[in-house]
Amino acid sequence: MAPPAVTPFRPARWLPGGHTQTLFAPLLRRPPALPRRRQRLALEDGDFLDLDWLEQRQPDAPLLILLHGLTGSSASSYILGQQQAAAALGWDTLAVNWRGCSGEPNQRARSYHSGASEDLAELLAHLRSRWPQRRMAAIGFSLGGNLLLKYLGEAGEAAALQAAVAVSVPFRLDHSALRIRHGFSRVYQARFMRDLLAYVRTKQRLFEHHGRHAEAARLTALGSLDGLDSLWDFDDRVTAPLHGYASAEDYYRRCSSRFFLPQIRVPTLLVQALDDPFVYPQSLPQANELPDCVTFELHARGGHVGFVEGPPWRPAYYLERRLPLWLQKQLCH
């Protein structure tokens, strides 16, 4: 049976502007409590990813993989909301915690970043080896969306997914690093910097305490992190040297998903808002950059991973009705 048609997104009138759409769920939404099971996946380089499963145990049902954004985790409300929505379709879902995002520091000086598609590729290879014929799809949000699109472009026809969705993607990482320096968006940058710097310093102390001297030395070699106050500076001083890039500019150029879009061969939905406070309108891809398998859904409003609708006494989340039904059409036709 074909999935029902999706009614259009009608932004909540009581949340005017991109910032209120962006901030409502993180600050005020009560996320669902879900009976999830945690699995630790050992990576080839000795590190790990923590995976939070919500299983319906229906044979032959699709598996949906969820990828969070910068300083997020599997506990982010947008992840939990999608797991609940997909469970209503009888699907198993797997929420990924990128390296160091599950509440326990990872084992290497390196961490996660917007271009770490090798970690996603390793996870998908593991899942495919376990279920060679299973239908699998992924949804990536923000950083997770950029990383997912990069993977799809790199893999091309060999991608291990049958469908994908990317939401609120910073298609040009250099543009977004500049965007959040201005206006109210500096509030987001301040929060990112607080969390990122605290994590690096905590991990360095733990490495020294536990005698992981080689990894501690890699962090010490970064020098003092005092005075870093922008994401661009952090990526130049921390992300780039820890992950093999010459500079922030080199990292942004090699990892921005916009440059990988033409090579995507998997049915993919992009959902963006023009009032996203992290993304300039000029950063969005043009129609001639998108292959036929990519659908671009652009809304005037919605903020960054917001897309809140309904009345204030009963807010609803467009992404949680739109994305599962779009994926159902791709996977279950």
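Side chains of Ser257 and Lys150: no donor on one and acceptor on the other come within 3.5 Å. Using a 3.5 Å distance cut-off with no hydrogens or angles, the side chains of Arg191 and Thr71 do pair a donor with an acceptor. Arg321 and Thr7 form a side-chain donor-acceptor contact under 3.5 Å, judged by distance and modelled atom types alone. Side-chain contact of Trp91 with Gln56: a donor-acceptor pair under 3.5 Å is absent, judged by distance alone. Counting only N and O atoms by type, the side chains of Asp236 and Ser247 include no donor and acceptor under 3.5 Å apart. Using modelled atom types, one finds no donor on one side chain facing an acceptor on the other under 3.5 Å when comparing His68 with Ser74.
Rounding to the nearest 0.5 angstrom, the gap separating the CG atom in Leu149 from the CD atom in Gln263 is 12.0 Å.
Closest of all the heavy-atom pairs between Thr220 and Glu208 is OG1-OE2, 4.2 Å.
In this structure, Ile139 and Leu319 have side chains that are not in contact, with every pair of non-hydrogen atoms separated by 4.5 Å or more. Residues Phe192 and Leu70 meet the side-chain proximity criterion, which asks for heavy atoms closer than 4.5 Å. Using a 4.5 Å heavy-atom threshold, the side chains of Trp326 and Leu331 count as separate.
Relative ring orientation between Phe307 and Tyr318 is described as tilted, the plane-to-plane angle lying within the 30° to 60° band. The aromatic rings of Tyr245 and Tyr251 are tilted relative to each other, their planes meeting at an angle between 30° and 60°.
Annotation: side chain to side chain donor-acceptor pair (under 3.5 Å) contacts of Asp235 (sequence neighbours excluded): Thr239, Tyr252. Listed by chain and residue number, nothing satisfies the salt bridge (Lys or Arg N to Asp or Glu O under 4.0 Å) test with Glu122 (two or more places apart in sequence, or in another chain).
For His19 and Tyr188, the ring centers are positioned less than 6.0 Å apart.
Counting only residues at least two apart or in different chains, ring-ring contact (aromatic ring centres under 6.0 Å, His included) contacts with residues 132-169 comprise Tyr78-Phe141.
Under the 4.5 Å side-chain heavy-atom criterion for grouping Ile, Leu, Val, Met, Phe, Trp and Tyr, Leu269 is not connected to Ile264 through any hydrophobic cluster. Note: the hydrophobic cluster containing Phe9 does not contain Leu284 (ILVMFWY, side chain heavy atoms under 4.5 Å, direct or indirect links). If you chain together hydrophobic residues whose side chains sit under 4.5 Å apart, Ile79 and Leu67 never meet in one group. No chain of hydrophobic side-chain contacts below 4.5 Å, direct or via other Ile, Leu, Val, Met, Phe, Trp or Tyr residues, connects Leu274 to Val305. Residues Phe296 and Phe259 do not share a hydrophobic cluster, clusters being chains of Ile/Leu/Val/Met/Phe/Trp/Tyr side chains in contact below 4.5 Å.
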What do the steps show when you test Arg194 against Asp229 for salt bridge (charged side-chain N to carboxylate O under 4.0 Å, His left out), and what is the final call?
-> CA-CA 9 Å; Arg194 182 195 68 215; Asp229 60 2; over 6 Å; no
Take Asp50 and Ser102 through the test side chain to side chain donor-acceptor pair (under 3.5 Å) and record every step on the way to the result.
-> CA-CA 6 Å; Asp50 280 337; Ser102 65; 2.6 Å; yes
Could you walk me through whether His304 and Thr22 pass the side chain to side chain donor-acceptor pair (under 3.5 Å) check?
-> CA-CA 5 Å; His304 189 79; Thr22 300; over 6 Å; no
Hey, mind stepping through Glu297 and His299 against side chain to side chain donor-acceptor pair (under 3.5 Å) and telling me if it holds?
-> CA-CA 7 Å; Glu297 184 178 301; His299 299 272; 2.6 Å; yes
Derivation of the salt bridge (charged side-chain N to carboxylate O under 4.0 Å, His left out) call for Arg301 and Asp276 | CA-CA 8 Å; Arg301 294 178 55 195; Asp276 188 325; over 6 Å; no
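Remark: Arg99 is not positioned above the aromatic ring of Tyr112, lacking an NZ or CZ atom under 6.0 angstrom from the ring centre and at most 45 degrees off the axis.
When atom types are taken as modelled, the side chain of Lys203 and the backbone of Pro105 share no donor-acceptor pair closer than 3.5 angstrom. With hydrogens and angles disregarded, a donor-acceptor distance shorter than 3.5 Å links the side chain of His113 to the backbone of Gly115. Judged by distance alone, the side chain of Ser176 and the main-chain N or O of Phe278 form a donor-acceptor pair under 3.5 Å.
Considering Arg38, Arg37, Arg40 in turn, Arg38 is the only one that fulfils the salt bridge (charged side-chain N to carboxylate O under 4.0 Å, His left out) rule with Asp52.
His210 NE2: more than 12 foreign heavy atoms inside a 6.0 Å radius. Heavy-atom neighbours of His182 NE2 from other residues, nucleotides or ligands within 6.0 Å: above the threshold of 12. The environment of CD in Gln282 is crowded: more than 12 heavy-atom neighbours from other residues, nucleotides or ligands sit within 6.0 Å.
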